[in-house]
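First up is the structure itself, then whatever we jot down about it.
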There are 2 protein chains.
Amino acid sequence: MSEKPAAYGETGSRRTYEWPRPALTVDVAVFSVIGTLNDLMLQVLLVERAQEPFKGSWALPGGFVHENEDLGAAAARELLEETGVRESYLDQVAAIGTPGRDPRGHTVTVLHVALIPADKHDLVSSGDARMARWFPAAKLPPLAFDHAKLLEAARDHLRRRIAATPVCFELLPAEFTLSELQALCETLLGRALDRRNFRRKVQDAGFLAKVKGQREGKHRPAQLFKLLPKEFARYVAQERALPW
Amino acid sequence: MSEKPAAYGETGSRRTYEWPRPALTVDVAVFSVIGTLNDLMLQVLLVERAQEPFKGSWALPGGFVHENEDLGAAAARELLEETGVRESYLDQVAAIGTPGRDPRGHTVTVLHVALIPADKHDLVSSGDARMARWFPAAKLPPLAFDHAKLLEAARDHLRRRIAATPVCFELLPAEFTLSELQALCETLLGRALDRRNFRRKVQDAGFLAKVKGQREGKHRPAQLFKLLPKEFARYVAQERALPW
DNA sequence: ACAAAAGTGTTCTAGTTACACCCATGG
DNA sequence: CCATGGGTGTAACTAGAACACTTTTGT
């Protein structure tokens, strides 16, 4: 690290930091799904801005990083404070600091992506009275700042991660049917998968186990499965391709 | 973004930012290769620290982000200032802000990885008199701060990128033999590749063209190739797997 | 002549894709 | 009895891995 500006936190008589520091924020693109099976929809959590600039616009939840706070912790905290939502999957996407992205001055944000299980959506109106709401990913309102771009980047990151990691299971209840898992993957990937191939591959992978019950519905009941975390960890450790 | 602390750059009478802002730096893990063919070595560019803390230790080049400066631009600038090296490939790896990583206080760094062509190594001793030196990646000195971890992360990122992008060509001269390309890929990936398979695949890919000359050496001369940027762009646009 | 790197095809295997029919249930 | 989603196997194709000998040059 360069020593040209006296470093942050230096004590005593040395001069303080010469240049204005960029502000550092975290923003979180939060995804979840609602509906069941053939009517599954990807949705995004947004908050309404209470102040200028962009007062009244929708934005990604986020905020300033506290002193001595880790970036992931800051993202989780902001999400909880602003929306009452506790994430179950959180991943860093990138740092973005394009000049001019915030009209108030130079602000660098560390973008994260989070996933919330379908059954834990209960939003708490946040302390500072801003609204948090779910929007369908396909029909978003205009977003504040460069948040439309950020969201696009997060979506992209997610698509790639899904192809390489277990994120799907973060969005499902403990017991689920293969069709539910498949529909979820299809929603996240944005493309259809062949049912027979999917079932074969996912069962051959060996990290799922049948459980006693069945999912009752309007039609033929479906076998329930659960994830075997141990087998699953072993599977991903080998860096074997996931079945989708 | 949270409004709890008055935002950076807000004008007039509002209170200023309440919390100390984390300092924001960029660090760059710079890789290159030296030697030819069967004696090719991956090397890393480090600078010697002139001040405490870690005075005299080796560290990644890097420094503070200037006002209204983009992150990538900051990384390129620091690299040039500190080492005289102009990068030809630069990619963001991640932001790291683990509390305690800098003894002077809360410092978040945006880690980048850069590649330098083998024939452009001329280091300029930097203005502030610090040393810049290449080290073999396999035999590194102890590093300042958490830079050993950062370097590991950058190496990892690079391995993954090589599997998915054209970074190899950033390290080669304009005309090169297939063996040179292969040796380079092997060095970066850290594993051997089958020669016949490599040649077939890379030639089938269709983004290389034979050029007139031959590489003269102690042994049988080798056909020279050049990259066809247009074909190459088309190839990667399709997200087809690269031949290695 | 020999040492050293360049150059060249084929076979086998594993993984991926495409595809169609019967089954169980609720209404 | 019919509409809806659950459940199953096989054949064709494609991509990747393994593998050995001949050629050209410098010394």
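Per chain, numbering begins at 1; letters A, B, ... match sequence-line order.
For the pair K218(A) NZ and dG6(D) P, the computed distance is 12 Å after rounding to whole Å. L193(B) has its CG atom 12 Å from the C1' atom of dG16(D), to the nearest Å. For D194(A) and dG15(C), the CG to P distance is 18 Å, given to the nearest whole Å. Distance, H219(B) NE2 to dT25(D) P: 13 Å, rounded to whole Å. Counting to the nearest Å, the C1' atom of dG7(D) and the CG atom of L181(A) are 16 Å from each other. The interatomic distance linking Q223(A) (CD) with dG7(D) (P) rounds to 7 Å, in whole Å. Atom-to-atom, CD of Q214(B) to C1' of dG7(C) comes out at 12 Å; the value is rounded to the nearest Å. Look at CZ on F225(B): it is 11 Å from C1' on dA6(C), rounded to the nearest Å.
Panel note: side chain T83(B), backbone V85(B); a donor-acceptor pair is recorded below 3.5 Å. E87(B) contributes no side-chain N or O that, together with a main-chain N or O of L79(B), makes up a donor-acceptor pair within less than 3.5 Å. Between the H147(B) side chain and the L60(B) main chain, a donor and an acceptor come within less than 3.5 Å of each other.
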Identify each atom pair where a protein N or O and an N or O of nucleotides 20-22 of chain D are less than 3.5 Å apart, giving names and distance.
{"from": "dA20(D)", "atom 1": "N1", "to": "R196(B)", "atom 2": "NH1", "distance (Å)": "3.2"}

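The side chain of S179(A) contributes an N or O atom lying less than 4.0 Å from OP1 or OP2 of dG6(D).
Comparing R191(B) and Q203(A) by the nucleotide of DNA chain D that holds the closest heavy atom to each, the one mapping nearer the 5' end is Q203(A). Toward the 5′ end of DNA chain C lies the nearest nucleotide of L224(B), the other residue of the pair L224(B) and G217(A) mapping further downstream.
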Stepwise side-chain hydrogen bond (donor to acceptor under 3.5 Å, both in side chains) test for D91(B) and H112(B): CA-CA 6 Å; D91(B) 197 24; H112(B) 289 72; over 6 Å; no
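Closest to the K201(A) side chain, of the nucleotides dG7(D), dT17(C), dC19(D), is dT17(C). Among dG7(C), dT17(C), dA3(D), the nucleotide with an atom closest to any side-chain atom of R200(A) is dT17(C). Considering only the side chain of R199(A), dG7(D) comes nearest among dA5(C), dG7(D), dA6(C). Looking at the side chain of N197(B), the nearest of the listed nucleotides dG7(C), dA18(C), dA18(D) is dA18(D). Distances were taken from every side-chain heavy atom of P221(B) (C-beta onward) to each of dT17(C), dG7(D), dT24(D); the shortest belongs to dT24(D).
Note on ring orientation: taking the six-membered ring where Trp is involved, the planes of Y235(B) and F207(B) are perpendicular (angle over 60°, cut-offs 30° and 60°). F176(B) and F169(B) have tilted rings, their planes meeting at an angle from 30° to 60° on a 0 to 90° scale.
Judged by the 6.0 Å distance and 45° axis criteria, R133(B) is positioned over the aromatic ring of W58(B).
Nucleic acid contact for E216(A): none, since no nucleic acid atom lies under 4.0 Å from a heavy atom of the residue.
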